[in-house]
Amino acid sequence: MDRPTPDPDALAPTAPRSPASLAWWQERVLYQIFVPSFQDADGDGFGDLAGLISRLDHLSDLGIGAVWLTPIYATPFEDAGYDVTDFTQVGARFGDLPTFDRLLAGLHARDIRLILDFVPNHTSDRHPWFRESRASRASPRRDWYVWRDPGPEGSAPNNWLSRFGGSAWTHDARTDQSYYHAFLPSQPDLNWRNPEVRRAMHEVMRFWLRRGVDGFRIDAAAVLAEDAALRDDPPNPDFDGDTPPPERFRRLRTDSQVVTLDYLAELRRVVEEFPDRVLLGEVDTAPDKLPGFYGEGTRRLHLPLNYRLLSVPWKAAALAGAVDAFLDALPPGAWPNWVLGSHDKARIASRVGPAQARVAALMLLTLPGTPMLFAGDEIGMPNVPVPVDRMRDPFERLVPGYGLSRDPSRVPLPWTAGPGGGFSAVEPWLPAPCPPPVAPVAAQARDPASLLSLYRAVIALRRRRPEFRAGGYARLRAEGGVFAYARDLDGVRGIVALNLTPSRLEAEVGTGRILLSTRPGRGGACEGRLCLEPHEGVVIAA
Ligand code: GLC
């Protein structure tokens with residue numbers, strides 16, 4: 001008797017799927033490229049699109065299936081390109097539209113999809129829209145941004161704080177009003193309540209979708225709209241001497257507003273005008289809000305990016321608990337995703353150390369759902385200290401003393417052992433230490449014991465064995481330093497066992513054949529009790 005085909009929209013996130021039913025963004029490994037630090041081709045010290053084209057072999061050899069590029073648009077670069085002056089132009093430092101088309105064709109020829117960063121919340125203050133808006137209260141574009149009369153004696157209209165420090169309002173003497181900015185004063189927020197703004201941004205998406213991009217990562221997706229009544233934020237009860245000042249209040253009035261979900265549903269409809277595209281989103285929100293970002297009944301983001309593993313202690317029970325909590329928070333049909341690094345976070349190799357970085361790789365690539373790998377993590381790039389006189393991230397300057405600079409995870413990637421690491425012929429925009437902090441890509445590619453070789457091997461294993469892409473998920477064990485789980489598909493069971501400690505451990509995880517280990521050269525059978533070497537992770541075919 002034929003089994004009825006389950007409705008994918010009703011499936012629990014831990015249930016197995018039919019591999020043939022998976023969309024590309026569900027089964028592929030996604031790879032985030034921080035473009036300014038990937039590869040410089042034109043010799044200005046900034047990574048660019050031509051540089052990226054010259055590194056396509058690295059992407060194919062790694063086996064990833066899609067790239068997300070951080071912003072490549074025209075920008076004064078006050079926030080690494082997240083300050084855009086023209087959403088439909090490639091910034092001169094990154095290249096031009098013909099080079100973009102060549103990159104897209106080159107990626108597609110290798111069966112790699114391209115996801116662009118879409119920055120809808122704000123523009124640069126040098127964007128023509130903002131110049132017009134700020135020119136006069138009567139400007140037709142006045143309402144494209146969020147302008148309000150100042151409070152008494154020129155004070156801010158309310159207590160909202162910029163995520164980068166200070167008030168979220170900047171007073172503009174010309175028209176004696178203040179504009180709202182969730183981030184830098186030079187990043188004024190667009191007024192998403194204005195339908196003209198929404199239409200204009202939909203057109204931006206269509207421009208790139210028509211060119212052939214496969215989707216977008218929506219920057220700051222949870223903060224598009226603010227409370228219309230401008231009510232103050234309440235105090236943050238967890239605020240103490242160690243909390244950075246921008247976190248003094250709880251962002252109840254500017255984060256995750258209900259109407260923002262409607263705007264995301266609109267963006268989804270735009271994307272769905274084109275076949276087979278994807279919407280990822282930067283959504284740093286409470287677990288109870290997560291289902292809304294996926295959509296309950298209404299379709300919103302395919303993948304609200306999940307950074308939870310970065311903030312839990314690197315211990316078996318805590319990681320297993322974070323995995324369960326995330327999976328439990330998902331609505332039926334939602335597809336999980338996992339992130340261990342980004343241009344906004346500390347490098348995983350520094351957080352957990354080089355030995356555990358191998359365990360982290362195995363976990364990222366075998367948990368149920370889509371893995372997102374941050375370029376550089378495949379070679380174990382650590383945080384690289386950046387001297388004060390070379391600092392580029394405005395965050396550190398504006399909120400000093402809390403170690404908030406994102407520069408250390410943004411330095412250029414080392415490709416070769418030579419000066420500049422093969423990144424650029426000139427001194428790069430952020431320092432490229434020489435010798436590089438880890439063996440460069442070229443050396444790791446030749447070394448079967450390198451982290452890069454491990455990443456390649458696990459990604460290849462995912463391709464070969466559908467249980468790791470589509471299998472159900474069951475936690476087997478999360479105590480005594482070992483986190484182990486099974487991925488089950490049509491009677492085939494894959495087991496992953498991770499030793500999160502520096503000790504040799506024994507664990508009961510099931511019997512089978514060892515397919516892969518984070519320790520090169522390990523193989524053989526596993527009969528009942530498995531011996532895990534310090535910092536070892538293994539994959540077993542049960
Ligand atoms: C997002 C980006 C971050 C940027 C901010 C403002 O959080 O990931 O890098 O600074 O938005 O655009």
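Order of listing sets the numbers, starting from 1, for every ligand and every atom in it.
In terms of the salt bridge (charged side-chain N to carboxylate O under 4.0 Å, His left out) criterion, residue partners of R28 (sequence neighbours excluded) are, by chain and number, D111. Qualifying side chain to side chain donor-acceptor pair (under 3.5 Å) partners for H343, counting only residues two or more places apart in sequence or in other chains: Q32, Y82. The ring pair (Phe, Tyr, Trp, His ring centres under 6.0 Å) check on W415 picks up F38, H58, with sequence neighbours excluded.
Near ligand 1, heavy-atom contacts under 4.0 Å come from D79, Y82, H122, F164, F183, Q187, R217, D219, E282, H343, D344, R406, R410.
Close placement of the F100 and W208 rings is indicated, their centers lying within 6.0 Å of each other.
Ion pairing between R217 and D219 holds under the 4.0 Å rule for side-chain N and carboxylate O. The existence of a salt bridge linking D262 and R198 is excluded, since no basic side-chain nitrogen approaches an acidic carboxylate oxygen closer than 4.0 Å.
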